[in-house]
2 protein chains.
Amino acid sequence: MATQRMHTEARREQIARAALDLLISRGIEEFNITDLGESVGLVPSAIYRHFRGKEEVLNAALDVFRDKLFGLVEVARDEADNPLETLEVLLSHHAKLIAKGKFMPHVMLSSDMASDQTSRRAKILRILAGYLRKIEAIVREGQKEGVIRQDADPQTIALLFIGMIQPAALLRHAEGVNLDISAHVARVWKLFNKAIASE
Amino acid sequence: MATQRMHTEARREQIARAALDLLISRGIEEFNITDLGESVGLVPSAIYRHFRGKEEVLNAALDVFRDKLFGLVEVARDEADNPLETLEVLLSHHAKLIAKGKFMPHVMLSSDMASDQTSRRAKILRILAGYLRKIEAIVREGQKEGVIRQDADPQTIALLFIGMIQPAALLRHAEGVNLDISAHVARVWKLFNKAIASE
DNA sequence: TTATCTTGTGAATAGTTATTCACTTGGAGG
DNA sequence: CCTCCAAGTGAATAACTATTCACAAGATAA
């Protein structure tokens, strides 16, 4: 046996993380159990000691993704003093992760990950909807505190917030597009701020 | 022979359009030659009379997509009187297509479509970058005419423009998210306008 | 130490799908 | 009307990949 044994709980965790990494770096089309096994030093069949099958692995990877994503929000809340600043911090944390290639765009951007026939689509949408609601909540706090304009719909603002980063993440490596994510985020934040801040 | 014969040119066209439809409705993961053939009333092997293989079909589908996407810009230019209005019209046309399920999000949103190992990734990014540049050009015209603020970077504005619609397209059918795309677009346009219009 | 449970292995299986090929046949042009 | 090419067919092939299973070997507890 070439590989160290691990308790199934730790192994599941490791596999789920590795799966997410593979999804992020290569996308669902090329995701397969053989490569996943290899990435954690296991033979393909060993994966089945810890998961019922591929769908369950993907499911677990999405859980890891959700935790990472929601975790970002908590960190931003901790670091900021008011809701508007929370959004700004959250945006810049996203930017850093994307710049490091450690995050989206594949999973978060991806509706392809969401095959209609499985429950994956529903799960991804649930995660993203949850994220949206968290941002909406921050917006509402900002409106209550008077730092965000009250005549705008929180959902609309939250969607635009996500829109500040999504296209940039996707296009950052396109030919002829020279895009430093952090610099972009700083610029687009100024526009966003102008749109939503109270006068 | 169950199926009407067609000249290869017309058939190629038909197949490419059908391929795009399948990509939009089901995503790359479930895209296969058998279903594609069926959708145009052909046996799988018949596809190979008109294309060298799957990649060439996908390539042709992307061409169709590009033409549709770029076509939208031309239509918007025709219908509008000034650059700011062009953007508004373009946004509402996107919204209509998305509402009809006739367009994204799969292809446009999708970096999964873009496997690293083929040239697909590069092609998609090229198309999206081309679209971005067209929007940038409209923005520049608006700045020249004085309807768009001059102290903002056109690329940043263009990316935010795309960001107005992308997340909404993805999330419109998530549980607990009730989202009428056209209404969303009307609301978000007001914010965007506030951010970019000259005072 | 020994019995037992769990994790890992490698070979086998089965289903899917892209692709090829020998063939048929519709139809356009002589 | 005949010929011939292009378009369509269906069967065969060849990967690839998910999944199963019998077996091997750490680990743990008695």
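Here is how names work: the chains are called A, B, and so on, in the same order as the sequence lines, proteins then strands, and each is numbered from 1.
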**Asked** Counting only side-chain N and O atoms of A/His50, is one of them less than 4.0 Å from OP1 or OP2 of C/dG8?
**Response** yes

**Request:** Return no unless some side-chain N or O of B/Arg52 is found under 4.0 Å from OP1 or OP2 of C/dA18.
**Result:** no

**Complete:** Taking D/dT19, C/dT7, D/dC21 as options, the one with an atom nearest any side-chain atom of A/Tyr48 is D/dT19

**Complete:** Among the nucleotides C/dG10, C/dA18, D/dT17, whichever has the atom closest to the side chain of B/Thr34 is C/dA18

**Complete:** Judged by nearest nucleotide, the residue sitting upstream toward the 5' end of DNA chain C, A/Arg11 or B/Ile33, is A/Arg11

**Request:** Check every strand shown and say whether B/Phe31 touches a base, only sugar-phosphate, or nothing at a heavy-atom separation below 4.0 Å.
**Result:** sugar-phosphate

Could you tell me how far apart [X] ([atom1]) and [N] ([atom2]) are, to the nearest whole angstrom?
X	N	atom1	atom2	result
A/Arg49	D/dC21	CZ	C1'	9 Å
B/Leu36	C/dA18	CG	C1'	12 Å
A/Glu38	C/dG10	CD	C1'	15 Å
B/Met6	D/dT9	CE	P	13 Å
A/Arg5	D/dA27	CZ	C1'	6 Å
B/Gln14	D/dA7	CD	P	13 Å
B/Ile47	C/dT17	CD1	C1'	13 Å
A/Gln4	C/dT7	CD	P	14 Å

**Item:** Test salt bridge (charged side-chain N to carboxylate O under 4.0 Å, His left out) applied to B/Arg140 and B/Glu145, step by step
**Value:** CA-CA 9 Å; B/Arg140 263 185 254 278; B/Glu145 292 184 21; over 6 Å; no

**Request:** Show your reasoning for whether ring-ring contact (aromatic ring centres under 6.0 Å, His included) applies to B/His94 and B/Tyr131.
**Result:** CA-CA 13 Å; B/His94 268 272; B/Tyr131 185 61; 5.6 Å; yes

**Test item: side-chain donor near acceptor, A/His93 and A/Glu79, under 3.5 Å** = yes

**Message:** Side chains of B/Gln14 and B/Arg17: any donor to acceptor distance under 3.5 Å?
**Reply:** no

**Prompt:** Can A/Lys123 and A/Glu55 be counted as an ion pair, charged N to O under 4.0 angstrom?
**Reply:** no

**Item:** A/Thr3 (side chain) and C/dG8 (base): donor-acceptor pair under 3.5 Å
**Value:** no

